[in-house]
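All values below were derived from every heavy atom in this structure, side-chain atoms included, with hydrogens, water molecules and symmetry-related copies excluded. Nothing fancy with the numbering, it's 1 onward along the sequence.
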Amino acid sequence: MNDLLGRLGGIDILVNNAVVRHFAPVEQFPWEHWDEALAVNLSAPFHLIRLALPAMKQRGWGRIINIASAHGLVASTNKVAYVTAKHGVVGLTKVVALETAGTGITCNAICPGWVLTPLVQQQIEARARTQGIPVEEAREDLVREKQPMLDYTTPEKIGALAVFLCGEAASTITGAALSIDGGWVAQ
């Protein structure tokens, strides 16, 4: 990473978006999955921020956007490592925001709910097959489990929010955990 930063002269905008997820009840959750999830979902953003901050501070400008999750604000069963890491990402966001206040650097977290991705589409189709229902009904049933707004967000909408956070209009938004979740965490 330091070699890359040396060649590029630093990072202006850092978006931490890598993720792994494993599902199991706490007492059945393999420790290897725990370690992997925390390494990818929480430690990696910490290290990337740590390495990017010096050049951002030197330039007096930077934007750090951590893609957290609605699970960074609320919990669900069978997702102990994911929920723990995403709560940690929200906390990391707040600490970095406080430590960089007044430097021209902002740090925010975007907290999506259900995002219509190919992986989620596969879940919808599997649910339809398993329950013997139309795909559209399965699509609505899945989102209804968590979100009062029965619509999925999209990667494009999350990207548009990230672009906004990089602009001048958002220059005083820092330390925020911004929900884009169809009302999931408003409940």
Side-chain angles (χ1 to χ4, degrees), residues 1-23 29-76 79-115 117 119-120 153-167 170-181 184-185:
M1 179 69 169
N2 285 329
D3 182 50
L4 178 64
L5 289 173
R7 286 192 316 239
L8 297 175
I11 295 171
D12 295 318
I13 298 168
L14 173 62
V15 178
N16 287 306
N17 190 37
V19 66
V20 295
R21 298 184 313 167
H22 303 287
F23 306 102
F29 203 90
W31 67 265
E32 299 91 348
H33 289 319
W34 173 268
D35 289 349
E36 177 191 30
L38 266 61
V40 172
N41 300 342
L42 183 55
S43 292
F46 162 76
H47 290 296
L48 290 168
I49 291 168
R50 179 181 61 81
L51 293 169
L53 275 177
M56 287 180 175
K57 285 181 176 180
Q58 185 177 14
R59 285 188 308 281
W61 195 91
R63 297 293 181 261
I64 301 167
I65 300 169
N66 297 315
I67 307 301
S69 168
H71 282 109
L73 303 169
V74 296
S76 292
K79 298 177 182 180
V80 65
Y82 184 73
V83 168
T84 300
K86 292 303 183 176
H87 271 74
V89 167
V90 171
L92 172 64
T93 299
K94 292 177 179 187
V95 169
V96 172
L98 291 173
E99 291 182 2
T100 59
T103 66
I105 300 166
T106 64
C107 183
N108 292 291
I110 296 176
C111 300
W114 281 109
V115 181
T117 63
L119 181 62
V120 170
T153 196
T154 64
E156 294 79 11
K157 291 175 184 175
I158 295 166
L161 179 53
V163 168
F164 170 76
L165 290 172
C166 293
S171 66
T172 58
I173 300 174
T174 194
L178 301 162
S179 295
I180 183 167
D181 66 1
W184 180 339
V185 302

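Shown are N16, I110, T93; of these, the side-chain contact (heavy atoms from CB on, under 4.5 Å) with I65 is made only by I110.
Between A52 and L14, the shortest heavy-atom contact is CB-CD2, 4.2 Å. In terms of heavy-atom proximity, L73 sits nearest to A177 at CD2-CB, 4.0 Å. Summarising the geometry of V83 relative to S76, their closest heavy-atom pair is CG2-N, 4.0 Å, with the distance given to 0.1 Å. In terms of heavy-atom proximity, I11 sits nearest to R59 at O-NH2, 2.7 Å. G72 and V90 get closest at one heavy-atom pair: O-CG2, 3.7 Å. When all heavy atoms of V20 and A37 are compared, the closest pair comes out as CG2-CA, 3.6 Å.
Side-chain atoms of R21 and L119, non-hydrogen and from C-beta on, do get closer than 4.5 Å to each other. Using a 4.5 Å heavy-atom cutoff, the side chains of F29 and F23 are not in contact. Counting only heavy atoms from C-beta outward, the side chains of V120 and V115 never approach each other to under 4.5 Å. Contact annotation: the side chain of I173 approaches that of F164 to within less than 4.5 Å [non-hydrogen atoms, C-beta and beyond]. In this structure, the side chains of V96 and T174 stay at 4.5 Å or more apart for every pair of heavy atoms. In this structure the side chain of W34 reaches within 4.5 angstrom of the side chain of T84, judged on heavy atoms. I64 is not listed as a side-chain neighbour of T106, based on a closest heavy-atom distance of 4.5 Å or more. Taking 4.5 Å as the limit, every side-chain heavy atom of S179 sits out of range of all side-chain heavy atoms of W184.
I105 CD1 to K57 NZ: the interatomic distance, rounded to the nearest 0.5 Å, is 6.5 Å. To the nearest 0.5 Å, the span separating CE on M56 from CH2 on W61 amounts to 7.5 Å. Rounding to the nearest 0.5 angstrom, the gap separating the CG atom in L178 from the CG atom in L165 is 5.5 Å. Atom NZ of residue K86 and atom SG of residue C111 lie 9.0 Å apart, to the nearest 0.5 angstrom. With rounding to the nearest 0.5 Å, the separation of CG in D181 from OG1 in T153 is 9.0 Å. To the nearest 0.5 angstrom, C107 atom SG is 5.0 Å from I49 atom CD1.
The backbone N or O of F46 lies less than 3.5 Å from no partner atom in the side chain of R50, so there is not a single donor-acceptor pair. When atom types are taken as modelled, the side chain of R63 and the backbone of S171 share no donor-acceptor pair closer than 3.5 angstrom. The backbone N or O of H71 lies less than 3.5 Å from a partner atom in the side chain of H87, making a donor-acceptor pair. Between the side chain of T103 and the backbone N or O of T100, at least one donor-acceptor pair lies under 3.5 Å. Of the possible polar contacts, none joining the N66 side chain to the L92 backbone as a donor-acceptor pair under 3.5 Å is found. The backbone N or O of K157 lies less than 3.5 Å from a partner atom in the side chain of T154, making a donor-acceptor pair.
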Kindly determine whether H22 and E36 satisfy side chain to side chain contact (heavy atoms under 4.5 Å, CB included), including the steps that lead there.
CA-CA 10 Å; H22 303 287; E36 177 191 30; 2.6 Å; yes
Please test V19 against V40 for side chain to side chain contact (heavy atoms under 4.5 Å, CB included), starting from the C-alpha separation and ending with a verdict.
CA-CA 6 Å; V19 66; V40 172; 5.6 Å; no
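At most 12 non-hydrogen atoms from other residues, nucleotides or ligands lie less than 6.0 angstrom from CD of Q58.
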